[in-house]
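What follows is one structure encoded as structure tokens, with my remarks underneath.
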Amino acid sequence: QVQLVESGGGLVQAGGSLRLSCAASGRTFTSYSMAWFRQAPGKAREFVAAISWSGGSTHYADSVRGRFTISRDNAKNMVYLQMNSLKPEDTAVYYCAARTYYSDSYVPGNFGSWGQGTQVTVST
């Protein structure tokens, strides 16, 4: 199992930007495809974005496509989520997740490793 630690959350005004980071421990980081999920109060955890082990393939939820960008640096064992044009509805706890196999299903149950989450709050 890879250990994941998120950082970079905070309070930002609508229209602003934030960059989330996820630090992964372990020497087999390139074995994992990575993803970001989020969970707002009273709502289910939802998929945000995913990136393949090489970084060559990405996938986004419709709600964030064109505003968010996922990337990874395998030399540093890091995954990032650049969030632009933030909206109040983006307010949630954001989680980094990892899995060791390819699937075109992006449900939380398909990811075996999770970070503790970082809070993102977008004010009006």
Side-chain angles (χ1 to χ4, degrees):
Q1 293 275 348
V2 64
Q3 305 299 315
L4 304 172
V5 178
E6 304 95 334
S7 61
L11 174 64
V12 63
Q13 288 188 328
S17 298
L18 278 176
R19 187 195 196 203
L20 304 184
S21 298
C22 173
S25 65
R27 293 174 290 179
T28 58
F29 180 63
T30 53
S31 299
Y32 293 86
S33 60
M34 304 296 297
W36 289 94
F37 286 77
R38 66 186 181 186
Q39 188 166 17
K43 295 187 177 181
R45 192 167 297 189
E46 65 173 1
F47 169 75
V48 174
I51 189 165
S52 63
W53 69 270
S54 67
S57 176
T58 55
H59 184 75
Y60 296 93
D62 290 343
S63 59
V64 306
R65 187 175 291 113
R67 299 188 297 122
F68 291 11
T69 302
I70 188 171
S71 62
R72 67 189 293 163
D73 185 337
N74 287 341
K76 297 181 178 179
N77 283 14
M78 296 291 295
V79 179
Y80 306 99
L81 185 68
Q82 178 66 44
M83 306 185 295
N84 298 329
S85 302
L86 283 161
K87 305 175 181 179
E89 51 264 44
D90 294 319
T91 295
V93 176
Y94 282 71
Y95 297 90
C96 181
R99 64 184 179 191
T100 57
Y101 60 92
Y102 171 78
S103 171
D104 59 3
S105 174
Y106 299 97
V107 297
N110 285 353
F111 290 81
S113 299
W114 293 86
Q116 83 290 348
T118 185
Q119 176 71 47
V120 171
T121 303
V122 184
S123 64
T124 56

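Taken from CZ in Arg38 to CD in Glu46, the straight-line distance is 4.5 Å, to the nearest 0.5 Å. The structure places CH2 of Trp114 at 5.0 Å from CZ of Arg45, a figure rounded to the nearest 0.5 Å. Expressed to the nearest 0.5 Å, how far CD of Gln39 lies from OH of Tyr94 amounts to 12.0 Å. In this structure, the separation between CZ on Phe68 and OG on Ser17 is 9.5 Å, given to the nearest 0.5 Å.
The shortest non-hydrogen separation linking Leu11 to Ser123 is CD1-CB, 4.3 Å. Here the closest non-hydrogen pair linking Val5 and Gln116 is CA-OE1, 3.7 Å. Among all heavy-atom pairs drawn from Cys96 and Leu4, the shortest one is O-CD1, 3.6 Å. Considering every non-hydrogen atom in both Asn77 and Ser25, the closest pair reads ND2-C, 4.5 Å. For the pair Ser54 and Asn74, the tightest heavy-atom approach, listed with the atom from each and the gap, is CA-ND2, 4.4 Å. When all heavy atoms are compared, the tightest approach of Thr91 to Ala40 is O-CB, 3.7 Å.
Here the side chains of His59 and Ser33 are not in contact, with every heavy-atom distance at 4.5 Å or above. Phe29 places a side-chain heavy atom less than 4.5 Å from the side chain of Val79. Counting heavy atoms from C-beta outward, Tyr106 and Arg99 have side chains that approach closer than 4.5 Å. Residues Leu20 and Glu6 are not in side-chain contact: their nearest non-hydrogen atoms beyond the backbone lie 4.5 Å or more apart. Looking at heavy atoms from C-beta onward, Ser21 lies in side-chain contact with Met78 at the 4.5 angstrom threshold.
Hydrophobic clustering keeps Ile70 apart from Tyr80 (ILVMFWY residues linked when any side-chain heavy atoms are closer than 4.5 Å, directly or through intermediates). One hydrophobic cluster, built from ILVMFWY side chains closer than 4.5 Å, holds both Tyr60 and Met34. The cluster map of Ile, Leu, Val, Met, Phe, Trp and Tyr, joined by side-chain heavy atoms under 4.5 Å apart, puts Val64 and Val122 in the same cluster. There is no path of hydrophobic side-chain contacts, each under 4.5 Å, that joins Tyr95 to Trp36. A continuous path of Ile, Leu, Val, Met, Phe, Trp and Tyr side chains, each step under 4.5 Å between heavy atoms, connects Val48 with Leu86, placing both in one hydrophobic cluster.
Heavy-atom neighbours of Gln13 CD from other residues, nucleotides or ligands within 6.0 Å: at or below the threshold of 12. No more than 12 heavy atoms of other residues, nucleotides or ligands sit less than 6.0 Å from atom CH2 of Trp53.
A cation-pi arrangement is absent between Arg72 and Tyr32 under the rule of less than 6.0 angstrom and at most 45 degrees off the ring axis.
Under a 4.0 Å N-O distance rule, the pair Lys87/Asp90 does not qualify as a salt bridge.
The one candidate from Thr69, Val120, Val12 that meets the side chain to side chain contact (heavy atoms under 4.5 Å, CB included) condition with Met83 is Val120.
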